[in-house]
Amino acid sequence: MKRIAISLPFLLILFPAISGNAAMQEDNRNFYRLNQALYDISNFYLDTVNQSELADKAISAMVAALDPHSAYIPADQVKEMNEPLVGNFEGIGIEFAIINDTLTVQSVIPGGPSEKVGIRSGDKIVSVDGQTIAGTSLTIPRVHKYLRGPKGSKVSVGIMRRPEACEQEFLITRDKIPLNSVDAAYEIGDGVHYIKLGRFSASSYREIITALFSSEKEPKGVILDLRGNGGGYLIAALQIANEFLERGNLILYTEGRNAPMMREYANGRGRLKNVPVAVLIDENSASASEIVSGALQDWDRGVIIGRRSFGKGLVQRQFDLLDGSQLRLTVARYHTPSGRVIQSPYKEGEALEYYKAFYERFASGEYMNKDSISFPDSLKYSTLRLKRTVYGGGGIMPDIFIPADTSYYSPFYKDVLRKGVLVDFVNGYTDRMRKIIVESYADSLSFMEQFEVDEALWNEFAAYAASKECIYLPERDSVSADKLSEFIKGLVIRNIYGMNSYFIYMNRSDCEVRKALEVLSDAES
């Protein structure tokens with residue numbers, strides 16, 4: 001293995017010692033010490049070492065000694081990590097599932113390369129560029145390797161399509177595939193629009209505005225669902241919050257030891273300044289989700305519904321390293337307009353304890369009872385218009401608390417979700433029944449109204465679960481049967497009619513969504 005020796009004179013050129021500055025001299029001494037250790041290991045250790053791996057581990061160890069959200073990303077993982085934020089990737093444009101070790105097309109992205117050559121939902125991709133991939137212990141990373149590639153490159157895929165018995169070959173020219181951050185958007189009530197935002201990406205603002213103003217009819221209310229949204233681009237959060245706030249309203253400010261204070265204000269050009277809004281959050285809403293909900297709450301601009309958010313109020317700056325790897329380093333804290341710090345408490349280098357405290361929220365009863373959460377008076381703040389009491393120091397507390405419904409958490413329910421049995425069963429079912437369902441129901445709404453998970457289908461599911469060592473015991477697990485039946489139907493809808501239809505169906509029984517509709521109806525009247 002080729003070894004690259006690092007010479008000390010080179011380091012001296014990059015980082016000359018600055019006399020008279022004790023802190024800088026200490027930094028230089030530590031820098032030389034680390035590089036001298038790498039040099040000695042590389043040149044004198046008894047076996048050949050992989051310097052790149054060694055450097056990766058050293059940087060990872062240093063970052064692990066900091067706050068829980070600073071991160072080091074090796075060069076070979078940078079593209080994959082950035083894809084959800086950039087908002088697109090290059091490939092063939094399908095959503096897929098691996099069913100019985102076979103790559104099955106779940107849906108085709110409209111306007112994408114696969115649709116253009118006639119690939120359909122339900123097709124099975126059994127070979128790629130003449131190489132058989134079915135029955136080869138497929139994994140998602142391998143599928144990405146086969147199907148993704150530079151725009152303009154070509155890939156030949158072998159398709160098995162029912163009822164035809166022979167494999168058909170399709171030549172696909174890869175292209176940029178949009179990776180949308182809005183999972184669902186539809187009119188849920190009279191003029192009230194529901195927006196499910198899965199993450200804050202470069203395209204999020206455009207997606208939301210397009211969804212809300214695609215017709216001439218102005219929205220009368222907005223339900224912005226940020227449950228499970230762990231954050232993303234800060235600029236997207238600022239753009240979305242700006243839509244709801246008046247000119248000059250502070251959205252957030254940041255401060256850090258070596259980061260200049262930054263203040264962001266609304267510009268007054270938002271089209272939703274006078275539209276009632278309800279924001280849904282839960283324990284997995286973090287970062288950019290907390291920026292938006294915190295700003296709207298502080299200005300008494302929207303009603304926050306759900307459970308206490310995660311509590312990530314640290315700002316990361318991205319540093320690109322020489323080999324293409326990246327360092328995402330926490331450089332500042334952000335504050336909501338009232339001055340609240342949203343970040344949950346942590347100790348440097350103790351990320352496990354930090355996340356353990358988050359998981360212990362469930363055991364403490366917080367998800368079921370708002371009164372189990374206590375904040376010291378030192379974390380008390382007032383909203384900027386109505387002077388309502390709000391708290392900092394550990395996430396956004398909702399204005400309306402909705403407890404988590406765990407009444408159906410039977411052992412069987414937990415087992416089929418934990419092992420992926422529910423999704424696997426529905427994928428197999430829709431693979432067999434897609435053609436029959438599409439021919440039997442006029443559209444997704446007809447399916448929602450007419451289809452039922454009957455006894456035969458439930459028994460089929462229970463038998464499949466039993467084959468995966470998940471045993472349904474009616475006397476113990478009957479509490480979960482109705483909810484699992486709802487999920488089975490919902491996942492069939494998702495697989496055949498798409499994500500938007502899935503949320504239309506599932507939101508019918510969602511108590512947070514129903515409360516948001518009630519709140520917006522009261523605001524309108």
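Values below: every heavy atom of this structure, side chains too, minus hydrogens, waters and symmetry copies.
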* Answer yes or no: is there a donor N or O on one side and an acceptor on the other, between the side chain of Lys220 and the main chain of Val275, under 3.5 Å? => no
* Asked: About how many Å separate OG of Ser287 and CG of Leu234, when rounded to the nearest 0.5 Å?
  -> 8.0 Å
* **N-O pairing of Lys151 and Glu90 below 4.0 Å** => no
* Asked: Which residue pairs pass the salt bridge (Lys or Arg N to Asp or Glu O under 4.0 Å) test when at least one of the two sits in residues 288-300, sequence neighbours left out?
  -> Asp298-Arg340, Asp300-Arg388
* Closest heavy-atom contact between Val105 and Arg434? -> O-NH2, 4.1 Å
* Does anything in residues 492-518 pair up under ring-ring contact (aromatic ring centres under 6.0 Å, His included), and if so which pairs, sequence neighbours excluded? -> Phe447-Tyr497
* Check whether the ring centres of Tyr233 and Phe200 lie less than 6.0 Å apart, and answer yes or no. => no
* Where the side chain of Arg308 meets the backbone of Asp282, is there a donor-acceptor pair that is under 3.5 Å apart? -> no
* Does a salt bridge link Arg514 with Asp510, judged by any charged N lying under 4.0 Å from a carboxylate O? -> no
* To do: Can you tell me which residue pairs pass the ring-ring contact (aromatic ring centres under 6.0 Å, His included) test with a partner in residues 165-195, sequence neighbours excluded?
  => Tyr186-Tyr194
* Min side-chain heavy-atom separation Lys468-Phe425 under 4.5 Å -> no
* Structure fact -> Closest heavy-atom pair, Pro398 versus Gly306, reported as atoms and distance to 0.1 Å, is CG-O, 3.2 Å
* Asked: So, are Lys273 and Glu243 salt-bridged, with charged N and O less than 4.0 Å apart?
  -> no
* Asked: If only atom types and distance count, is the side chain of Asp399 paired as donor or acceptor with the main-chain N or O of Gln297 below 3.5 Å?
  -> no
* For Lys370, which residues count as a salt bridge (charged side-chain N to carboxylate O under 4.0 Å, His left out) partner, sequence neighbours excluded? -> none
* **Qualifying salt bridge (Lys or Arg N to Asp or Glu O under 4.0 Å) pairs, either residue in residues 457-466, two or more places apart** => Arg432-Glu460
* Asked: Do the numbers put Arg148 on top of the ring of Phe89, so that NZ or CZ is under 6.0 Å from the six-membered ring centre and no more than 45° off the axis?
  -> yes
* Asked: Does any N or O in the side chain of Asp477 come within less than 3.5 Å of the main-chain N or O of Leu473, such that one atom is a donor and the other an acceptor?
  -> yes
* How would you list all residue pairs meeting side-chain hydrogen bond (donor to acceptor under 3.5 Å, both in side chains) that involve residues 129-140, not counting sequence neighbours? -> Thr136-Arg142
* Are any of the side-chain heavy atoms of Arg227 and Val513 separated by less than 4.5 Å? -> yes
* To do: Fit a plane to each ring of Tyr354 and His69, take the angle between them on a 0 to 90° scale, and name the class: parallel (under 30°), tilted (30 to 60°) or perpendicular (over 60°).
  => perpendicular
* **Main-chain N/O of Phe310 paired to Ser344 side chain as donor or acceptor, under 3.5 Å** => yes
* To do: State whether the side chain of Asp431 and the backbone N or O of Asn427 hold a donor-acceptor pair below 3.5 Å, judged by distance alone.
  => no
* Structure fact -> Between the CG atom in Asn495 and the OH atom in Tyr429, the distance rounded to the nearest 0.5 Å is 11.5 Å
